[in-house]
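These notes concern the structure reproduced below.
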2 protein chains.
Amino acid sequence: MSDRPARPAADQGSDPAAAFQPHDHGHCSSAALDAAEARLAQQGARLTPVRRRTLEILLESPRAMGAYEVLDRLAAEGFGRQPPVAYRALEFLVSHGLAHRLQRLNAFAACLHPGHDHTPAFLICRSCDRVAEAEAAPIRAVLSDVASGAGFRVERATIEALGLCASCAADGAA
Amino acid sequence: MSDRPARPAADQGSDPAAAFQPHDHGHCSSAALDAAEARLAQQGARLTPVRRRTLEILLESPRAMGAYEVLDRLAAEGFGRQPPVAYRALEFLVSHGLAHRLQRLNAFAACLHPGHDHTPAFLICRSCDRVAEAEAAPIRAVLSDVASGAGFRVERATIEALGLCASCAADGAA
DNA sequence: AAGACAACCGTAACACTATAACAGCTCGTT
DNA sequence: AACGAGCTGTTATAGTGTTACGGTTGTCTT
């Protein structure tokens with residue numbers, strides 16, 4: 001999982017705060033889609049219309065979206081209107097590192113740094129519901145360390161923080 | 001069975017004889033239950049029969065249990081058989097630090113160290129399904145640190161690791 | 001002791017989340 | 001043309017969680 005092509009232009013890289021700022025999603029969306037297509041081609045996977053549209057929908061939202069919310073959008077645009085349509089597309093995106101599933105919310109969000117860190121930590125603002133990705137490597141290191149003290153070998157870790165983002169804190173949200 | 005099912009004799013609070021009442025199940029968690037009761041008393045909360053039995057059920061299981069699994073047990077013992085019965089008891093236990101909810105599993109487990117660290121990290125063995133609690137303080141410290149780089153203030157963190165426990169690894173589980 | 005009140009337990013009904021099983025389509029290969 | 005693989009769509013069902021309401025009980029007040 002270490003070979004990765006050139007960084008996409010819209011990669012907001014190391015500044016997770018960017019995710020909490022309003023910005024032009026249409027722009028980051030097309031860059032992300034291009035990057036996605038390139039990554040998938042390497043893996044011999046196809047970004048079919050439903051999958052592409054599903055990813056676009058996720059990219060357009062600053063919040064995580066429930067599967068049925070995504071499904072409603074898809075159905076309104078002429079795709080199938082049964083749950084598996086959305087779940088299959090979402091599962092495909094997640095398994096190819098293009099989207100994430102948030103356990104705490106039963107929801108999905110586009111991956112903003114595809115190819116970077118496939119299982120980041122998530123910062124979920126309880127006021128505006130925006131979701132940001134944070135570097136999980138140092139956290140996972142400590143977790144693995146603590147776990148190995150119990151003889152436990154960590155394979156996958158879910159790290160999700162609920163709290164208040166900078167803008168909401170500035171806006172005086174409790 | 002009569003139409004008014006028998007309920008576990010576990011009158012709480014004002015009856016001093018309650019302390020002497022023998023358990024139906026000999027093994028136990030009576031120490032944990034006593035501790036729980038003491039903790040609750042301090043908080044002005046009551047360990048009613050349903051709540052007590054729910055905690056016992058969780059304590060008897062090394063795995064996390066789904067709400068409906070708990071509900072089946074409760075219903076079989078004469079308590080209500082509708083979902084809110086289980087969910088209310090579980091929510092009470094969680095909110096008083098006597099049980100935990102595992103987001104990844106949609107399941108609940110008794111807290112093994114009540115009064116210690118109320119939101120530990122969880123180590124979930126994918127082979128035997130057992131759940132262990134690990135010290136989360138150092139992990140949360142790193143998480144808060146990473147998050148603060150994005151101006152995010154962490155309030156609650158979900159840290160759940162999936163992997164292989166020592167015994168399963170020793171038994172040669174993949 | 002009687003009434004007011006809050007907490008608790010139970011019920012029915014419903015909402016939300018997710019999967020199983022199966023059928024048809026398309027496309028590349030033989 | 002026939003085949004198989006992968007994708008999309010369908011119906012039906014399973015699993016998880018909540019809302020709304022009513023009755024009981026225990027406590028506090030008067």
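Each chain gets a letter, A, B and so on, in the order its sequence line appears, and its residues count up from 1. What you see below is based on every heavy atom in this structure, not just the backbone, and it leaves out hydrogens, waters and symmetry mates. None of the values given here were measured: they were computed from a predicted structure.
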Practice problem: Select from A:Ala45 and A:Gly80 the residue whose nearest nucleotide in DNA chain D is closer to the 5' end of that strand. | Solution: A:Ala45
Using whole Å, what does the distance between atom [atom2] of nucleotide [N] and atom [atom1] of [X] come to?
X: A:Gln103; N: C:dT17; atom1: CD; atom2: P; answer: 14 Å
X: A:Phe108; N: C:dT17; atom1: CZ; atom2: P; answer: 10 Å
X: A:Leu71; N: C:dC16; atom1: CG; atom2: P; answer: 13 Å
X: A:Leu105; N: C:dA18; atom1: CG; atom2: P; answer: 11 Å
X: B:Glu91; N: D:dT19; atom1: CD; atom2: C1'; answer: 13 Å
X: B:His96; N: C:dA7; atom1: NE2; atom2: C1'; answer: 12 Å
X: A:Arg81; N: C:dA18; atom1: CZ; atom2: P; answer: 20 Å
X: A:Phe92; N: C:dT19; atom1: CZ; atom2: C1'; answer: 20 Å

Report yes if at least one side-chain N or O of [X] is closer than 4.0 Å to OP1 or OP2 of [N]; otherwise report no.
X: A:Arg101; N: C:dA18; result: yes
X: B:Thr48; N: C:dC9; result: yes
X: B:Gln82; N: C:dA12; result: yes

Quiz item: Where do B:Met65 and B:Arg73 come nearest, in terms of heavy atoms and distance?
Solution: CE-NH1, 4.3 Å
Self-check item: Non-hydrogen atoms of B:Leu40 and B:Arg46 that approach each other most closely
Solution: CD1-C, 4.4 Å
Quiz prompt | Given DNA chain C, 5'-ward residue of the pair B:Arg51 and A:Arg46, judged by closest heavy atom | solution = B:Arg51
Quiz prompt | Validation row, ring centre B:Phe108 to ring centre B:His100 under 6.0 Å | solution = no
Exercise. Would you state whether a donor and an acceptor, one from the side chain of A:Arg88 and one from the base of D:dG9, lie under 3.5 Å apart?
Key: yes
Quiz prompt | Base of C:dA18 paired with side chain of A:Tyr68 (donor-acceptor, under 3.5 Å) | solution = yes
Self-check item: Side-chain (A:Glu160) to main-chain (A:Gln103) donor-acceptor, under 3.5 angstrom
Solution: yes
Practice problem: For B:Ser144 and B:Ala141, indicate whether the former's side chain and the latter's backbone hold a donor-acceptor pair under 3.5 Å. | Solution: no
Quiz item: Which of the following nucleotides, D:dG9, C:dA18, D:dT16, is nearest to the side chain of A:Asn106?
Solution: C:dA18
Exercise. Output the single nucleotide from D:dT10, D:dT18, C:dT17 whose closest atom is nearest the side chain of A:Tyr87.
Key: C:dT17
